[in-house]
Amino acid sequence: MPELPEVEVVRAGLEPAVDGATIERVTVLDERSLRRHAGPSEDFTARLTSARLAAPRRRGKFLWVPLDDLRDRLVLLVHLGMSGQVLLRTPDAPLDRLTRIVIDLAHPVHGALRVDFVDQRVFGSMALDELVPAPDVEDDTVPRQVAHIARDPIDPAFDDERFLASLRRRRTTVKRALLDQTLVSGIGNIYADEALWAARIHADQPTETLSRPRARLLLEEVRLVLAKALAEGGTSFDAQYVNVNGASGYFSHSLNAYGRGGEPCRRCGTAIVRVAFMNRSSHFCPRCQRVRGSRGSRVE
DNA sequence: CCGGACTCCTGGTTGC
DNA sequence: TGCAACCAGGAGTCCG
């Protein structure tokens, strides 16, 4: 579902349309899409109306648009959840059936625009939030709700050494660690499986038994997988993800592990296995990806 | 600190 | 054909 690459595609696509634009009107069609907003929807609409917007920013799977209003340090925060989409439309375009929030904009160059927040499963939401100092870097800010989220691996300020040290301190298994947004952000179930496949590491490998070179390799593969997805415009195997212009971005044909249960591993031909994991699924090659013990090896 | 269960939610798919 | 059960899982919370 939307992970870092998909959210970044949305951010980049939104930037020219919202940077410098003024909000003319906000229409909340479904209050559930404000689950991350502290106040009632009237508060959300009132404080956004007539605000001027700056360039959108992102950390992990969180996206925010700063209000060009230094007094309040307010931002429009967006999380796509499982099925959220941000669609950029002309004012007269028909509304998608699952549209939850509509924001009408006036842009000095592009004129009247409409930003539609569409979300089938309603796990995503918008909110008004306040910027607070980033806990790790001077002169950087993040929305309060994002302060506990770690930097993502393509953030220039991501600290590799710090990540490797925290990973080693964790007493957990490696896929859990990859999905833990307070350790490293932006990775969801799809890219976790892809990065582990690429690094030939089993999801259940305890983090404290991961050698430093293998941990480094994993981080490198995470970056490669994310960069590849980014270059291809994001993944969409079920057309849930749609970029800001409404066109599907996908590279599902490039997936090596995720969703390929029963199909041959592209490296060795062994059937990819799908197992239950944390109320979801893990996909891996049982031959390429084995749990390695400190001595000998245990499979599965 | 850690893992597991639970919550939010709906549409597409599967199974009877 | 019809309907119900099932599945997809990001993130927060709570509990043991």
Side-chain angles (χ1 to χ4, degrees), chain A residues 1-8 10 28-38 41 58-64 77-86 95-101 117-127 129 142-152 165-196 203-210 222 226 229 234-242 248 250 252 255 257-262 274-283:
Chain A
M1 307 303 178
E3 302 182 24
L4 186 155
E6 292 78 15
V7 180
E8 175 55 25
V10 171
V28 178
L29 301 172
D30 191 332
E31 303 239 358
R32 295 175 303 176
S33 291
L34 291 180
R35 70 172 69 252
R36 287 181 172 79
H37 183 70
S41 66
R58 182 193 55 74
R59 175 179 289 196
K61 305 169 196 171
F62 283 86
L63 176 70
W64 64 92
L77 184 69
V78 185
H79 195 290
L80 300 178
M82 293 293 304
S83 52
Q85 303 169 13
V86 177
L95 283 186
D96 186 287
R97 189 168 53 90
L98 300 170
T99 305
R100 312 293 184 185
I101 297 172
F117 183 69
V118 179
D119 190 7
Q120 181 215 121
R121 276 169 262 190
V122 208
F123 283 0
S125 82
M126 288 187 159
D129 202 359
V142 283
R144 193 177 295 283
Q145 293 184 46
V146 184
H148 68 292
I149 301 291
R151 288 183 187 273
D152 58 63
S166 329
L167 187 67
R168 176 156 285 262
R169 276 197 301 272
R170 289 295 168 98
R171 290 298 174 263
T172 188
T173 48
V174 67
K175 185 172 174 183
R176 282 177 181 283
L178 287 182
L179 294 176
D180 183 346
Q181 305 295 302
T182 68
L183 188 62
V184 55
S185 69
I187 305 164
N189 205 38
I190 297 176
Y191 298 120
D193 280 359
E194 291 302 304
L196 288 167
D204 295 336
Q205 180 78 42
T207 48
E208 72 265 34
T209 66
L210 203 57
V222 163
L226 295 179
T235 297
S236 175
F237 47 90
D238 62 1
Q240 274 298 339
Y241 168 72
V242 177
S248 280
Y250 68 89
S252 52
L255 295 177
Y258 185 84
R260 296 196 65 240
R274 175 185 158 183
V275 297
F277 173 84
M278 284 174 80
N279 271 335
R280 58 199 80 175
S281 299
S282 272
H283 313 75

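Here is the naming used below: chain letters follow the sequence lines, and residue numbers restart at 1 for every chain. Atom set for the values below is all heavy atoms of this structure, side chains included, hydrogens, waters and symmetry mates excluded.
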Measure [atom1]/[X] against [atom2]/[N] and give the value in whole Å, please.
X	N	atom1	atom2	value
A/Met82	B/dT7	CE	C1'	14 Å
A/Arg170	B/dG3	CZ	P	9 Å
A/Arg36	C/dT13	CZ	P	11 Å
A/Phe277	C/dG9	CZ	P	11 Å
A/Arg280	C/dG9	CZ	P	7 Å
A/Tyr258	C/dC7	OH	P	14 Å
A/Met278	C/dG9	CE	C1'	10 Å
A/Leu179	C/dG9	CG	P	11 Å

Candidate nucleotides [options], ranked by approach to the side chain of [X] - the nearest:
X	options	answer
A/Arg121	B/dG3, C/dA11, B/dT10	B/dT10
A/Arg100	B/dT10, C/dA11, C/dG9	B/dT10
A/Asn189	C/dA11, C/dG9, B/dG11	C/dG9
A/Arg176	B/dG4, B/dC8, B/dT10	B/dG4
A/Val122	C/dG12, B/dC9, C/dG9	B/dC9

Nearest 0.5 Å, please: how far is [atom2] in [Y] from [atom1] in [X]?
X	Y	atom1	atom2	result
A/Arg171	A/Glu208	CZ	CD	4.5 Å
A/Asp152	A/Gln181	CG	CD	9.5 Å
A/His283	A/Arg260	NE2	CZ	10.5 Å
A/Met278	A/Thr173	CE	OG1	8.0 Å
A/Asp119	A/Asp30	CG	CG	9.0 Å

When you measure from the side-chain N and O atoms of [X] to the phosphate of [N], is any distance below 4.0 Å, counting only OP1 and OP2?
X	N	answer
A/Arg169	B/dC1	no
A/Gln120	B/dG11	no
A/His79	C/dA11	yes
A/Ser83	B/dT10	no
A/His148	C/dG12	yes
A/Arg32	B/dT10	yes

Whether A/Lys175 and A/Asp193 form a salt bridge (side-chain N of Lys/Arg under 4.0 Å from carboxylate O of Asp/Glu) is what I want to check.
yes
Is A/Arg36 paired with A/Asp129 through a side-chain N to carboxylate O contact shorter than 4.0 Å?
no
Heavy atoms under 4.0 Å, any strand shown: does A/Leu98 hit a base, just sugar-phosphate, or nothing?
sugar-phosphate
pi-stack flag for A/Phe123 and C/dA11, centroid dist under 5.5 Å, interplanar under 30°:
no
Please identify each residue that fulfils salt bridge (Lys or Arg N to Asp or Glu O under 4.0 Å) with A/Arg170, with sequence neighbours left out.
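A/Arg170 satisfies salt bridge (Lys or Arg N to Asp or Glu O under 4.0 Å) with A/Asp180 once adjacent residues are dropped.
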Could you pick out which residue, A/Arg171 or A/Asn279, lies toward the 5' side of DNA chain B when each is mapped onto its nearest nucleotide?
A/Arg171
When the C1' atoms of the five terminal pairs at each end define the local axes, what inter-axis angle does the helix from B/dC2-C/dG16 to B/dC16-C/dG2 show, to 10 degrees?
60°
